[in-house]
Amino acid sequence: WYGGFAGGVLATWLYMKTRRQPFLRVADQVIPFIALGHAVGRIGCFTNGCCVGVPTSAWFGVQFPDHSSPVVPTQLLESIALLALYLVLRSLHTPHLLRRPGVLFGLYLLGYALIRGTLECWRANQPLVLAGRTLHQLISLALAVVGLVLVVRGARQHPIDPVRRR
């Protein structure tokens, strides 16, 4: 996901630059729907049996055909969390907040970093790369910092006139 997301952000930024449109204003407009699409995509991961969690004997464990024991359905947990993130972002998707570019995008980065960083604790076959953390947890930490910077910066700036293009 992170690689595809980075590629999408880069492609959108380049396109917006050629159109002389502000990236963060566009990102704030679409980011709730990115979260919704990602939630649907994780259901696809569940039906495919990929991105599984660690083995469990808990009542919520799911048995996949190619696994010897039930596993934590991290795909469904992530899908539910992303749906909740979509609902939060959509409720904040107001003209008032949209006049502060980067705030919604930053909230998405913070929210998804929290979701992914937490669920990595239950994902199977994730090697630890640094300080007892997986690569995705480290990326989540970096994105949380970027998200926090965007939220704070957007909250401090004077609201942009919605009629202005830049």
Side-chain angles (χ1 to χ4, degrees), residues 1-13 24 26-94 97-98 100 102-155:
W1 166 254
Y2 278 138
F5 181 70
V9 167
L10 178 61
T12 304
W13 180 79
L24 288 176
V26 172
D28 283 349
Q29 289 287 340
V30 301
I31 203 63
F33 308 103
I34 299 295
L36 181 60
H38 192 180
V40 172
R42 285 301 179 194
I43 293 171
C45 290
F46 178 76
T47 60
N48 189 45
C50 64
C51 308
V52 299
V54 295
T56 184
S57 59
W59 64 269
F60 55 82
V62 175
Q63 180 72 51
F64 287 101
D66 57 345
H67 288 80
S68 58
S69 63
V71 295
V72 176
T74 54
Q75 320 92 321
L76 293 181
L77 296 174
E78 188 168 344
S79 184
I80 291 165
L82 282 162
L83 181 59
L85 181 59
Y86 161 75
L87 293 172
V88 168
L89 292 174
R90 192 67 179 106
S91 71
L92 296 173
H93 201 250
T94 62
L97 205 54
L98 290 172
R100 298 179 182 276
V103 171
L104 279 179
F105 187 63
L107 288 172
Y108 168 81
L109 293 176
L110 277 169
Y112 186 64
L114 178 64
I115 292 166
R116 183 63 181 264
T118 302
L119 286 176
E120 278 294 301
C121 296
W122 295 288
R123 296 240 344 231
N125 305 321
Q126 299 296 312
L128 303 178
V129 295
L130 182 67
R133 301 287 171 222
T134 68
L135 177 61
H136 292 102
Q137 285 174 321
L138 297 173
I139 293 170
S140 294
L141 180 60
L143 286 183
V145 170
V146 172
L148 184 60
V149 167
L150 287 173
V151 169
V152 169
R153 190 183 85 175

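Sequence positions, counted from 1, serve as the residue numbers for this chain. All heavy atoms count here, side chains included; hydrogens, waters and symmetry mates do not.
Taking each heavy atom of H93 and Q29 in turn, the nearest pair found is NE2-O, 3.1 Å. When all heavy atoms are compared, the tightest approach of D28 to F105 is OD1-N, 2.8 Å. Between S140 and A113 the shortest heavy-atom distance is O-CB, 3.1 Å. Nearest approach of G132 to Q137, heavy atoms of both residues: O-OE1, 4.4 Å. Between N125 and P127, the shortest heavy-atom distance links the atoms O-CD, 3.4 Å. For A35 against L89, the heavy-atom pair with the smallest separation is CB-CD1, 4.5 Å.
Although no hydrogens or angles enter the test, the distance criterion places a donor-acceptor pair under 3.5 Å between the side chain of S79 and the main chain of A39.
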Legend entry - Test side chain to side chain contact (heavy atoms under 4.5 Å, CB included) applied to F5 and Y112, step by step: CA-CA 12 Å; F5 181 70; Y112 186 64; over 6 Å; no

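How far CG of L128 is from CG of L138: 9.5 Å, rounded to the nearest 0.5 Å. Taking CG of L83 as the start and OH of Y86 as the end, the distance is 8.5 Å to the nearest 0.5 Å. Atoms CG and CG, from L107 and L97 in turn, are 7.0 Å apart once rounded to the nearest 0.5 Å. Distance check: R90 CZ to L104 CG gives 10.0 Å after rounding to the nearest 0.5 Å. Atoms CD1 and CG, on I43 and N48 in that order, are 13.5 Å from each other to the nearest 0.5 Å. Here CD of E120 is found 4.5 Å from CD of Q126. Values are rounded to the nearest 0.5 Å.
Using a 4.5 Å heavy-atom threshold, the side chains of T134 and V129 count as separate. Counting heavy atoms from C-beta outward, Y2 and L135 have side chains that stay 4.5 Å or more apart. In this structure, W1 and R42 have side chains that are in contact, with non-hydrogen atoms separated by less than 4.5 Å. At least one side-chain heavy atom of H38 sits under 4.5 Å from a side-chain heavy atom of Y108.
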For residues 57-76, which side-chain N or O atoms pair as donor and acceptor with protein atoms under 3.5 Å away, sequence neighbours left out?
{"residue": "Q63", "atom": "NE2", "partner": "H67", "partner atom": "O", "Å": "2.5"}
{"residue": "T74", "atom": "OG1", "partner": "C51", "partner atom": "O", "Å": "2.8"}
{"residue": "Q75", "atom": "NE2", "partner": "C50", "partner atom": "O", "Å": "2.8"}

